[in-house]
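In what follows, chains carry the letters A, B, and so on, assigned in the order in which the sequence lines appear, proteins first and then strands, with residues in each chain numbered from 1. We use all heavy atoms of the structure for the numbers below, so side chains are in, but hydrogens, waters and symmetry mates are not.
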There are 2 protein chains.
Amino acid sequence: MQPLKTGELAKRAGVNVETLRFYERKGLLPRPPQRESGYREYPQESVRLIRFIKRAQELGFSLKEIRELLTLKVQPGVTCADVRETTERKVADVRKKIRDLKAIERALQRLTVTCMGRGPLSECPILEHLEGEIL
Amino acid sequence: MQPLKTGELAKRAGVNVETLRFYERKGLLPRPPQRESGYREYPQESVRLIRFIKRAQELGFSLKEIRELLTLKVQPGVTCADVRETTERKVADVRKKIRDLKAIERALQRLTVTCMGRGPLSECPILEHLEGEIL
DNA sequence: CTTGACTCCGTACCAAGGTACGGACCGTAG
DNA sequence: CTACGGTCCGTACCTTGGTACGGAGTCAAG
């Protein structure tokens with residue numbers, strides 16, 4: 001298995017070359033050995049690393065959190081329980097976001113229910129509510 | 001009712017002075033008449049306008065969307081139904097966000113369930129999943 | 001009339017997660 | 001050997017919703 005050049009890694013991992021550079025700057029992707037010319041030579045595992053990042057992102061982890069997860073992985077003495085704890089915190093975050101959005105949904109829903117969609121703008125219950133006339 | 005100076009409006013509306021300047025730049029808050037000295041003289045209604053913005057924000061509207069709502073209000077021929085439509089689109093957005101977050105929640109929940117929190121990091125099911133080992 | 005608080009303006013900065021650009025250099029196919 | 005595409009680097013730019021700063025000018029209380 002040959003090392004990968006930046007463009008090859010980007011292609012295999014399904015991201016932009018610029019994104020790789022960005023991840024490197026952010027400390028998510030370690031800088032690989034470089035040739036004399038400066039060309040980076042990524043090991044094959046880098047593809048997995050990028051995919052790890054992308055998966056974690058899909059699960060709602062921020063890049064900062066992902067960097068922490070990656071740091072956990074290489075620190076001695078870190079246990080599975082630490083990773084689990086991070087994940088549980090994230091579940092709690094996500095649940096809070098869901099609760100907040102549901103409150104918003106209910107409020108908006110109440111607004112659309114009060115508005116028949118008829119009548120002039122000056123009597124629109126939605127705008128009235130936003131202006132604080134009612135409630 | 002005297003006109004309000006920037007600081008007074010900010011105080012009454014519960015926002016920062018800088019925020020008012022920001023809203024003005026963004027086209028949410030029309031630039032009021034100004035004295036010779038440049039001092040702005042806001043009409044009392046501006047307090048309501050800022051509160052409108054803040055309420056709409058709490059309901060998940062972005063500043064851009066709020067600007068559109070405000071534009072709707074002053075355009076002739078716009079009906080209550082237009083406002084209702086905007087609100088309904090927003091409800092749909094919010095519902096989609098909730099669905100997405102629920103999918104994330106389920107996925108994270110599955111991960112924490114598979115992880116007993118014991119054992120070495122090298123066998124952590126959470127990290128394994130993120131790396132694509134399983135599934 | 002002085003002085004401290006307020007206001008003006010442009011601009012820079014923050015977070016997050018990238019994308020884009022330009023000039024210089026490299027590498028390889030033809 | 002040359003030409004084209006890939007890569008390097010630093011930097012600027014984008015979005016969203018603001019916050020902060022600094023110098024100059026202004027207002028109003030004492």
Side-chain angles (χ1 to χ4, degrees), chain A residues 2-42 46 49-70 90 93-94 97 100 104, chain B residues 2-42 46 49-70 90 93-94 97 100 104:
Chain A
Q2 310 293 346
L4 304 168
K5 281 193 282 183
T6 304
E8 291 162 348
L9 173 57
K11 202 167 187 178
R12 294 205 195 187
V15 299
N16 200 310
V17 171
E18 305 293 334
T19 306
L20 294 181
R21 283 168 34 69
F22 175 72
Y23 287 170
E24 189 178 293
R25 282 202 300 282
K26 290 292 175 183
L28 287 157
L29 180 60
R31 179 178 284 224
Q34 284 171 279
R35 290 195 220 173
E36 287 294 296
S37 62
Y39 276 40
R40 286 163 175 72
E41 302 206 303
Y42 290 101
S46 298
L49 175 55
I50 303 302
R51 292 201 182 134
F52 179 102
I53 294 168
K54 286 297 170 192
R55 269 172 200 256
Q57 239 179 348
E58 282 166 17
L59 290 178
F61 289 93
S62 69
L63 292 186
K64 193 176 170 192
E65 289 164 337
I66 295 167
R67 188 175 53 210
E68 284 160 14
L69 275 176
L70 291 169
K90 200 67 211 174
D93 285 359
V94 170
K97 275 186 195 158
D100 291 349
I104 289 170
Chain B
Q2 311 292 346
L4 302 169
K5 282 193 282 183
T6 306
E8 291 163 346
L9 175 57
K11 201 166 186 178
R12 294 204 194 189
V15 299
N16 200 311
V17 171
E18 305 294 331
T19 305
L20 294 181
R21 281 168 37 69
F22 176 72
Y23 287 169
E24 188 178 294
R25 281 203 300 283
K26 290 293 174 183
L28 288 157
L29 179 61
R31 178 178 285 226
Q34 282 171 279
R35 291 195 218 172
E36 285 294 296
S37 63
Y39 276 38
R40 285 162 177 73
E41 303 206 303
Y42 290 102
S46 298
L49 175 54
I50 303 301
R51 293 200 181 135
F52 180 101
I53 294 170
K54 286 296 168 191
R55 268 171 201 259
Q57 240 179 346
E58 281 165 18
L59 290 178
F61 289 93
S62 69
L63 292 185
K64 192 176 169 192
E65 289 164 336
I66 295 168
R67 188 174 53 211
E68 284 160 14
L69 275 177
L70 291 169
K90 200 66 210 173
D93 285 359
V94 170
K97 276 186 194 158
D100 291 348
I104 288 170

Interatomic distance where [atom1] belongs to [X] and [atom2] belongs to [N] [whole Å]:
{"X": "A/Glu68", "N": "C/dA16", "atom1": "CD", "atom2": "P", "answer": "11 Å"}
{"X": "A/Ile66", "N": "C/dA16", "atom1": "CD1", "atom2": "P", "answer": "12 Å"}
{"X": "B/Glu24", "N": "D/dG17", "atom1": "CD", "atom2": "P", "answer": "18 Å"}
{"X": "A/Glu65", "N": "C/dA15", "atom1": "CD", "atom2": "P", "answer": "15 Å"}
{"X": "A/Glu41", "N": "D/dC8", "atom1": "CD", "atom2": "P", "answer": "10 Å"}
{"X": "A/Gln57", "N": "C/dG17", "atom1": "CD", "atom2": "C1'", "answer": "8 Å"}
{"X": "B/Asn16", "N": "C/dT7", "atom1": "CG", "atom2": "P", "answer": "12 Å"}
{"X": "A/Phe61", "N": "C/dG17", "atom1": "CZ", "atom2": "C1'", "answer": "17 Å"}

(request) Using a heavy-atom cut-off of under 4.0 Å over every strand shown, decide if B/Arg67 touches base, sugar-phosphate, or nothing. (result)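 Counting heavy atoms under 4.0 Å across all strands, no contact is made by B/Arg67.
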
Applying salt bridge (charged side-chain N to carboxylate O under 4.0 Å, His left out), name anything that partners [X], two or more places apart in sequence or on another chain.
{"X": "B/Lys97", "result": "none"}
{"X": "A/Arg35", "result": "A/Glu41"}
{"X": "B/Arg51", "result": "none"}

Any chance you could measure [X], atom [atom1], to [Y], atom [atom2], to the nearest 0.5 Å?
{"X": "B/Leu4", "Y": "B/Arg12", "atom1": "CG", "atom2": "CZ", "result": "5.0 Å"}
{"X": "B/Glu68", "Y": "B/Leu28", "atom1": "CD", "atom2": "CG", "result": "10.5 Å"}
{"X": "B/Ile53", "Y": "B/Phe61", "atom1": "CD1", "atom2": "CZ", "result": "13.5 Å"}
{"X": "B/Leu29", "Y": "B/Leu9", "atom1": "CG", "atom2": "CG", "result": "6.5 Å"}
{"X": "A/Ile104", "Y": "B/Asp93", "atom1": "CD1", "atom2": "CG", "result": "11.0 Å"}

Under 4.0 Å: is that the gap between some side-chain N or O of [X] and OP1 or OP2 of [N]?
{"X": "A/Lys54", "N": "C/dG18", "result": "yes"}
{"X": "B/Thr19", "N": "D/dG17", "result": "no"}
{"X": "B/Gln34", "N": "C/dC9", "result": "yes"}
{"X": "B/Arg40", "N": "C/dC9", "result": "yes"}

(message) One character per nucleotide, please: for nucleotides 21-30 of chain C, 5' to 3', B when the base has a protein heavy atom closer than 4.0 Å, S when only the sugar-phosphate does, - otherwise.
(response) B----BS---

Hey, does [Y] have a side-chain heavy atom less than 4.5 Å from the side chain of [X]?
{"X": "B/Ile50", "Y": "B/Tyr42", "result": "no"}
{"X": "A/Tyr23", "Y": "A/Leu63", "result": "yes"}
{"X": "B/Pro32", "Y": "B/Glu24", "result": "yes"}

(request) Rounding to 10 degrees, work out the angle separating the end axes of the helix from C/dC1-D/dG30 to C/dG30-D/dC1 (five pairs an end). (result) 20°

(request) May I ask you to say whether B/Arg21 pairs ionically with B/Glu18, meaning some side-chain N is under 4.0 Å from a carboxylate O? (result)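 So B/Arg21 pairs with B/Glu18 through a salt bridge.
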
Would you list the protein and nucleotides 12-16 of chain D atom pairs, both N or O, that sit under 3.5 Å from each other?
none

